[in-house]
There are 2 protein chains.
Amino acid sequence: MFKELDPLLHSQLRLAVISLLIGVKEAEFNFIKEKTESSSGNLSVQLQKLKEAGYIEISKGFKDNFPLTTCKITDKGIKAFEVYVKAIKQYIQVKK
Amino acid sequence: MFKELDPLLHSQLRLAVISLLIGVKEAEFNFIKEKTESSSGNLSVQLQKLKEAGYIEISKGFKDNFPLTTCKITDKGIKAFEVYVKAIKQYIQVKK
DNA sequence: TAAAGTACTTTATAATATAAACTAATTTAT
DNA sequence: ATAAATTAGTTTATATTATAAAGTACTTTA
């Protein structure tokens, strides 16, 4: 009846992050932070979880001498998002 | 950018319950339990939360001598569900 | 009348999310 | 030169939430 909702994506912040990355393909830590209106701490934790799941890649470098964290969605992340979208639609009864 | 997702509805089981009740308007505890494939304990707790939020009404009676719990969505619950659906659509980019 | 079953609720534990505090460095002001 | 403020995060502690296990209160069946 109701499909499982991937717990990794069924989290407001992580879902927002993935939703953002689906659009832009690559984004900086602060860009994501602003768009999602999250705290640095919370975002840091959730990005790690998405990385551990293999849904995003995180690369660390520097920009104007400051550390810069950049995130990119992976194929696995895209696939997981698609599965999640199909599942949640069952719950919200989106008729195609 | 991203709308708040009502934490009361952003829970797999509670969302499934509300999604069910939107359709049938009234349902028995076991019907909900079967459709959502949840445990009695978890369902009991989540129904109480939905009740406390005023999203559903719970009425208790008897059927064939056994206790019978029946649930019904309230106007507030319907409204909250509609708001949730609008919000989550932003995340999953459902184009109308 | 004892064992098994129905229909839950309560409580305890595990998992999750969030906020606060901390690290490490850079820039700016004194 | 150096202290204070800022940037860009991470780590840790706490609060919240979800879930599973145990418990309550019966009823039915053997």
Side-chain angles (χ1 to χ4, degrees), chain A residues 2-20 26-53 55-72 80 84 87-88 91, chain B residues 2-20 26-53 55-72 80 84 87-88 91:
Chain A
F2 290 105
K3 278 185 208 146
E4 248 294 276
L5 293 175
D6 182 349
L8 250 135
L9 293 184
H10 196 59
S11 138
Q12 174 156 329
L13 182 48
R14 289 195 300 268
L15 186 60
V17 168
I18 291 292
S19 181
L20 258 183
E26 185 162 279
E28 295 172 8
F29 188 97
N30 273 323
F31 174 80
I32 300 173
K33 191 186 164 205
E34 281 161 27
K35 290 291 181 182
T36 59
E37 291 170 280
S38 59
S39 67
S40 304
N42 193 10
L43 182 55
S44 178
V45 171
Q46 306 313 328
L47 288 180
Q48 287 307 316
K49 288 189 184 176
L50 289 171
K51 182 194 168 190
E52 275 158 37
Y55 289 1
I56 66 170
E57 273 169 22
I58 299 180
S59 45
K60 275 151 197 306
F62 286 88
K63 182 188 168 190
D64 301 334
N65 291 329
F66 285 106
L68 181 72
T69 299
T70 309
C71 303
K72 205 178 154 180
Y84 177 84
I88 193 97
Y91 292 76
Chain B
F2 290 104
K3 278 185 208 148
E4 247 295 276
L5 294 176
D6 182 349
L8 249 135
L9 293 184
H10 196 59
S11 137
Q12 174 158 331
L13 183 47
R14 289 196 299 269
L15 185 61
V17 168
I18 291 292
S19 179
L20 258 183
E26 185 163 279
E28 295 172 8
F29 188 97
N30 272 324
F31 174 80
I32 300 173
K33 190 187 163 204
E34 281 161 29
K35 291 290 181 182
T36 59
E37 290 171 279
S38 59
S39 67
S40 304
N42 194 10
L43 182 56
S44 179
V45 171
Q46 307 312 329
L47 288 180
Q48 288 307 317
K49 287 189 185 176
L50 288 171
K51 183 194 167 189
E52 275 158 37
Y55 289 1
I56 66 170
E57 274 169 20
I58 299 180
S59 45
K60 276 154 197 305
F62 286 88
K63 182 187 166 192
D64 301 334
N65 291 328
F66 285 106
L68 181 71
T69 299
T70 308
C71 302
K72 206 179 154 180
Y84 177 85
I88 194 98
Y91 292 76

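Because only heavy atoms are used, hydrogens play no part in the values below, and waters and symmetry mates are left out as well, while side chains stay in. In what follows, chains carry the letters A, B, and so on, assigned in the order in which the sequence lines appear, proteins first and then strands, with residues in each chain numbered from 1.
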Whole-Å distance between [N] [atom2] and [X] [atom1]?
X       : N      : atom1 : atom2 : result
A/Glu52 : D/dT10 : CD    : C1'   : 13 Å
A/Gln12 : D/dA18 : CD    : P     : 13 Å
B/Leu47 : D/dT17 : CG    : P     : 17 Å
B/Glu37 : D/dA20 : CD    : C1'   : 17 Å

Criterion side chain to side chain contact (heavy atoms under 4.5 Å, CB included) against B/Cys71, the qualifying member of B/Leu20, B/Leu47, B/Val17:
B/Leu47
side-chain N/O B/Arg14 vs D/dT17 OP1/OP2, d < 4.0 Å:
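Checking D/dT17 against B/Arg14, no side-chain N or O comes under 4.0 Å of OP1 or OP2.
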Using a 4.0 Å heavy-atom cut-off, does [X] contact any base of the nucleic acid, only the sugar-phosphate backbone, or nothing at all?
X       : value
B/Ser38 : nothing
A/Gln46 : base
A/Asn42 : base

What closest approach, in Å, do [X] and [Y] show between heavy atoms, and which atom pair accounts for it?
X       : Y       : value
A/Lys49 : A/Leu8  : O-CD2, 3.7 Å
A/Tyr84 : B/His10 : OH-CE1, 3.9 Å
B/Lys33 : B/Ser39 : CE-C, 4.2 Å
A/Ala80 : A/Leu9  : O-CD1, 3.4 Å
B/Leu43 : B/Ile32 : CD1-CG2, 3.8 Å

At the 4.0 Å heavy-atom cut-off to chain B, mark where contacts on DNA chain C begin and end, going 5' to 3'.
C/dG5 to C/dT10
With side chains defined as the heavy atoms from C-beta onward, is the minimum distance between B/Ile88 and A/Tyr91 less than 4.5 Å?
no
Determine, for nucleotides 1-9 of chain D in 5'-to-3' order, which nucleotides have protein heavy atoms under 4.0 Å from the base (write B), from only the sugar-phosphate (write S), or from neither (write -).
------BSB
I'd like to check the side chain to side chain contact (heavy atoms under 4.5 Å, CB included) partners of A/Ser44; sequence neighbours left out, ordered by chain and number.
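With neighbours one apart ignored, the set is A/Phe29.
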Other residues, nucleotides and ligands only: do more than 12 of their heavy atoms fall within 6.0 Å of CD on B/Glu26?
yes
